[in-house]
Protein chains: 2
Amino acid sequence: MTNTPDSHGRAGSGKSPVTLQQIAELAGTSKSTVSRVVSNDPRISRATSDRVWAVMKKHGYRPNVFARALAGGKTGQIGVLTSNISSGFFAEVIRGIDLQTAASQNHLLVSIAHGGDDYARLFNELSLNGQVDGLVLVDPPLDLLGRDLESGHIPLVLCACAVPLEAESWRCVDSVTVDNQRAMHEIVEHLVGTGYRRLVHLAGPSSIYDAGQRKLAFLDAVQRHAGIVADVIENHLIRDDGSRTMRERYSDPDTWPDAIVAFNDSVACGVLADMHRVGRFVAVTGWDNGPETEVLGITSVEMPLTGLGEESARCLFDRIHGKVEQKAMGRTTMLENSLHIRSSSLKA
Amino acid sequence: MTNTPDSHGRAGSGKSPVTLQQIAELAGTSKSTVSRVVSNDPRISRATSDRVWAVMKKHGYRPNVFARALAGGKTGQIGVLTSNISSGFFAEVIRGIDLQTAASQNHLLVSIAHGGDDYARLFNELSLNGQVDGLVLVDPPLDLLGRDLESGHIPLVLCACAVPLEAESWRCVDSVTVDNQRAMHEIVEHLVGTGYRRLVHLAGPSSIYDAGQRKLAFLDAVQRHAGIVADVIENHLIRDDGSRTMRERYSDPDTWPDAIVAFNDSVACGVLADMHRVGRFVAVTGWDNGPETEVLGITSVEMPLTGLGEESARCLFDRIHGKVEQKAMGRTTMLENSLHIRSSSLKA
DNA sequence: CTGTTAGCGCGTTCAC
DNA sequence: GTGAACGCGCTAACAG
């Protein structure tokens with residue numbers, strides 16, 4: 001399938017690309033026929049098809065995406081809107097989406113919201129200007145889901161987030177998320193099973209969907225066990241948040257809990273740093289299974305990031321291609337995490 | 001499916017986007033006038049302009065990107081083609097590019113090559129089908145630069161890579177890269193200054209531009225010092241590569257060098273792991289300054305990833321907007337890294 | 001099976 | 001200053 005240098009040089013050397021019309025003339029046929037050949041219309045005879053393909057190959061014909069979109073109503077582009085999240089998360093999810101879109105000859109339009117109302121602004125633009133056939137909203141700020149969605153929008157899917165039940169206008173939107181509850185239960189079971197009794201969850205910022213889910217799951221999990229003392233401290237996102245809480249809230253090591261369930265790996269690292277400073281062991285778990293967890297032996301949850309992307313794209317295409325009705329109620333897909341138990345949460 | 005002339009294609013709960021034509025009628029004027037208003041044509045009277053703007057605002061008019069591209073020749077889209085690189089790298093570079101493109105109302109079309117000839121295939125497609133106004137090639141496989149580039153292509157810029165001097169057909173392509181040489185020299189100076197004499201560089205795969213640069217820089221740097229024993233071992237990319245080399249090549253700790261300059265942080269971690277297994281200290285440096293380096297105290301090089309993206313986009317826009325002639329010879333911009341010296345490379 | 005005919009929404013000459 | 005007309009490259013009815 002690789003291009004032969006000679007035929008290629010000829011094709012591209014002219015400044016303007018070859019058009020369908022020109023192919024038609026060169027092949028001694030009409031535009032429609034060529035158009036049908038391109039789209040594999042079964043009604044075209046094998047002979048004509050082969051002849052036209054030959055001409056197209058020879059001249060390096062490339063259908064013009066814009067003309068096609070204008071006339072056909074399908075853009076061949078999928079939008080991805082994401083907030084300014086951690087690079088590991090972002091990259092892997094995009095990779096997953098790309099895997100699916102590339103497979104169906106689509107292209108990815110990526111936008112990153114840089115704060116404030118940016119997400120909402122970009123959402124409006126992308127969902128209304130007809131530039132994309134569908135839109136994946138990665139980690140949208142929760143307040144966006146509170147707004148009313150205009151009818152007549154393109155297919156939408158929430159990634160790493162789920163539509164709240166009370167959001168009426170978002171009812172046709174699919175959601176793909178990870179099973180925060182199950183993973184959190186596993187963590188708590190593991191900690192309790194190992195013998196820890198006093199647990200603290202350093203929860204994430206309330207603006208993040210997963211943070212809320214994990215907090216609820218933590219509270220739910222600890223309540224299933226008698227004799228467990230549990231507490232939650234909010235708003236932890238980066239390393240410093242973890243260290244600071246340890247310093248300020250637990251300045252006296254004797255008041256420390258047995259185990260700390262951090263919102264993510266960064267926070268867990270912060271806790272560990274302070275722990276070393278003080279020189280007392282406390283069990284710690286992280287979340288994200290980043291590169292630091294393995295080398296440091298931090299128990300952590302690995303999320304199926306690429307899977308999130310792939311599944312989101314799949315949902316989108318199901319609606320774009322009409323395999324799922326546009327007005328069908330949104331489905332929520334939940335992907336499983338895997339818990340990696342390491343030394344940081346075993347017995348001291 | 002009922003297809004009225006104006007309920008065209010789009011997934012529709014009835015609400016088809018309002019067109020320039022409709023705005024013209026509602027404003028009691030013609031398409032051309034509205035078009036001029038949109039593009040701030042100075043010949044339009046203030047009165048008409050205001051009137052038309054009001055109508056547009058009232059009806060939420062959005063210019064159709066595809067129609068505009070078809071008629072006007074500018075797509076408003078920038079392509080980003082990247083190989084399947086590490087997520088940290090990928091995400092930050094994209095973020096940088098996005099920063100610039102968003103500022104100029106452009107959109108980002110991202111494609112990820114998934115191996116083999118994928119990069120070349122995608123490159124051909126994106127550079128020829130007119131879907132983007134310019135193309136950023138992030139970390140292209142080196143053999144791509146060996147191929148002849150067709151004339152008449154869109155503006156191109158290499159990111160995290162530089163055009164080889166002998167590539168005639170790529171002479172109009174800009175390059176943005178980091179100063180591998182300077183950073184490597186800093187590392188070597190630091191190691192030698194600290195007292196290490198026998199250095200080994202665990203180089204990266206030869207297919208990666210930066211890997212070759214760093215290897216050359218290493219060899220250059222060590223030659224500037226008398227009494228230094230240096231060696232290079234090739235083809236290290238992930239953790240296991242580092243550990244394996246230590247196990248196989250340096251099974252006897254007494255033959256160990258004083259210091260190991262790893263291609264990246266992962267390799268450095270592999271070395272450290274083996275070091276701990278054997279229980280002997282050797283100085284180690286990484287590259288990328290990933291999350292694991294700070295917590296583990298690994299000396300590492302921080303690259304200006306976002307800067308790479310921003311600068312690449314800037315170069316592209318300079319050519320797209322004609323601030324730099326299309327046929328002007330490509331410039332190479334080199335961005336500075338910063339070396340973070342930590343305990344892993346200090347005296348044992 | 002294939003050719004003909006309309007547009008898709010907009011930029012850009014031209015005239016007025 | 002403004003409007004009418006044409007065309008960008010392609011798809012999708014209609015005819016044969």
Side-chain angles (χ1 to χ4, degrees), chain A residues 14-52 55-56 59-77 105 128-131 133, chain B residues 1-12 16-52 55-56 59-76 128-131 133:
Chain A
K15 197 159 184 303
S16 52
V18 196
T19 76
L20 189 150
Q21 162 81 319
Q22 294 169 19
I23 296 295
E25 288 164 6
L26 288 161
T29 177
S30 75
K31 292 195 303 179
S32 341
T33 300
V34 179
S35 175
R36 286 176 184 125
V37 169
V38 170
S39 51
N40 277 320
D41 191 310
R43 310 177 300 186
I44 295 290
S45 77
R46 182 60 192 275
T48 346
S49 175
D50 286 353
R51 183 163 44 91
V52 174
V55 179
M56 293 198 300
H59 293 77
Y61 168 69
R62 305 273 170 182
N64 179 306
V65 195
F66 299 102
R68 184 183 289 209
L70 233 204
K74 284 241 169 303
T75 71
Q77 299 190 153
Q105 306 274 52
L128 294 176
N129 76 351
Q131 197 164 4
D133 293 330
Chain B
M1 262 205 245
T2 47
N3 233 354
T4 64
D6 49 34
S7 81
H8 190 59
R10 222 153 264 76
S16 54
V18 35
T19 77
L20 189 153
Q21 161 81 326
Q22 295 168 14
I23 295 295
E25 289 165 4
L26 288 162
T29 177
S30 76
K31 292 194 302 180
S32 338
T33 299
V34 179
S35 175
R36 287 176 183 124
V37 169
V38 170
S39 50
N40 276 320
D41 191 310
R43 308 177 302 186
I44 294 291
S45 77
R46 183 59 193 273
T48 6
S49 176
D50 286 352
R51 184 162 43 93
V52 174
V55 178
M56 294 198 298
H59 296 271
Y61 169 68
R62 307 268 171 184
N64 180 308
V65 194
F66 299 102
R68 181 179 289 203
L70 232 204
K74 283 244 169 301
T75 71
L128 294 175
N129 75 354
Q131 196 162 5
D133 294 330

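Chain A is the first sequence line, chain B the second, and so forth, proteins listed ahead of strands; every chain is numbered from 1. Treat the numbers as computed from the prediction; the structure is a model and nothing was measured.
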Say whether, by atom type as modelled, one donor and one acceptor occur between the side chain of Asp133(B) and the main chain of Thr75(B) under 3.5 angstrom. yes
When Leu70(B) and Thr33(B) are each assigned the nearest nucleotide of DNA chain D, the 5'-most assignment goes to Thr33(B)
Is the shortest heavy-atom distance from the side chain of Gln77(A) to the side chain of Val65(B) under 4.5 Å? no
Given atom CZ of Arg68(B) and atom C1' of dG11(C), what is their separation to the nearest angstrom? 9 Å
Length of the line joining Asn129(A):CG and dG9(C):C1', which is rounded to integer Å: 13 Å
Roughly how many Å is it from CG in Asn64(B) to C1' in dG11(C), rounded to a whole number? 13 Å
Give the rounded distance in Å between these two atoms: CZ of Phe66(A) and P of dC10(D). 13 Å
Just compare dG3(C), dG9(C), dC10(D) and give me whichever is closest to any side-chain atom of Ala67(B). dG9(C)
Which atoms form the tightest heavy-atom contact between Ala24(A) and Ser30(A), and what is the distance? CB-C, 3.5 Å
Side-chain N or O of Thr19(A) closer than 4.0 Å to phosphate OP1/OP2 of dG9(D): no
Minimum-distance nucleotide (side-chain atoms of Thr29(B) versus dG3(D), dT4(C), dC10(D)): dG3(D)
Hey, does Thr19(A) have a side-chain heavy atom less than 4.5 Å from the side chain of Asn64(A)? no
Separation of Gln21(B) atom CD from dC6(D) atom P, in whole Å? 16 Å
Bend angle of the helix from dC1(C)-dG16(D) to dC16(C)-dG1(D), from helix axes over five pairs at each end, nearest 10°: 40°
For Ser35(B), what residues pass the side chain to side chain contact (heavy atoms under 4.5 Å, CB included) criterion, not counting sequence neighbours? Leu20(B)
Which whole-number value in Å describes the distance from Ile44(A) CD1 to dC1(C) C1'? 7 Å
Within this structure, what is the CG-to-P distance between Leu20(A) and dT11(D), rounded to whole angstrom? 6 Å
Compare all side-chain heavy atoms of Pro17(A) with those of Arg62(A) and state whether any distance is below 4.5 angstrom. no
Nearest 0.5 Å please: distance from the OG1 atom of Thr48(A) over to the CZ atom of Arg36(A). 11.0 Å
Integer-rounded Å distance: dC10(D) C1' and Ile23(A) CD1: 13 Å
Worked verdict on Gln22(A) versus His59(A) for side chain to side chain contact (heavy atoms under 4.5 Å, CB included): CA-CA 10 Å; Gln22(A) 294 169 19; His59(A) 293 77; over 6 Å; no
Does dT2(C) have OP1 or OP2 under 4.0 Å away from a side-chain N or O of Thr48(A)? yes
Return yes if some donor-acceptor pair links the side-chain N/O of Arg51(B) with the main-chain N/O of Ala27(B) below 3.5 Å, else return no. yes
Pairs under 3.5 Å (N/O, protein and nucleotides 12-16 of chain C):
| residue | atom | partner | partner atom | Å |
| --- | --- | --- | --- | --- |
| dT13(C) | O4 | Arg36(B) | NH2 | 3.3 |

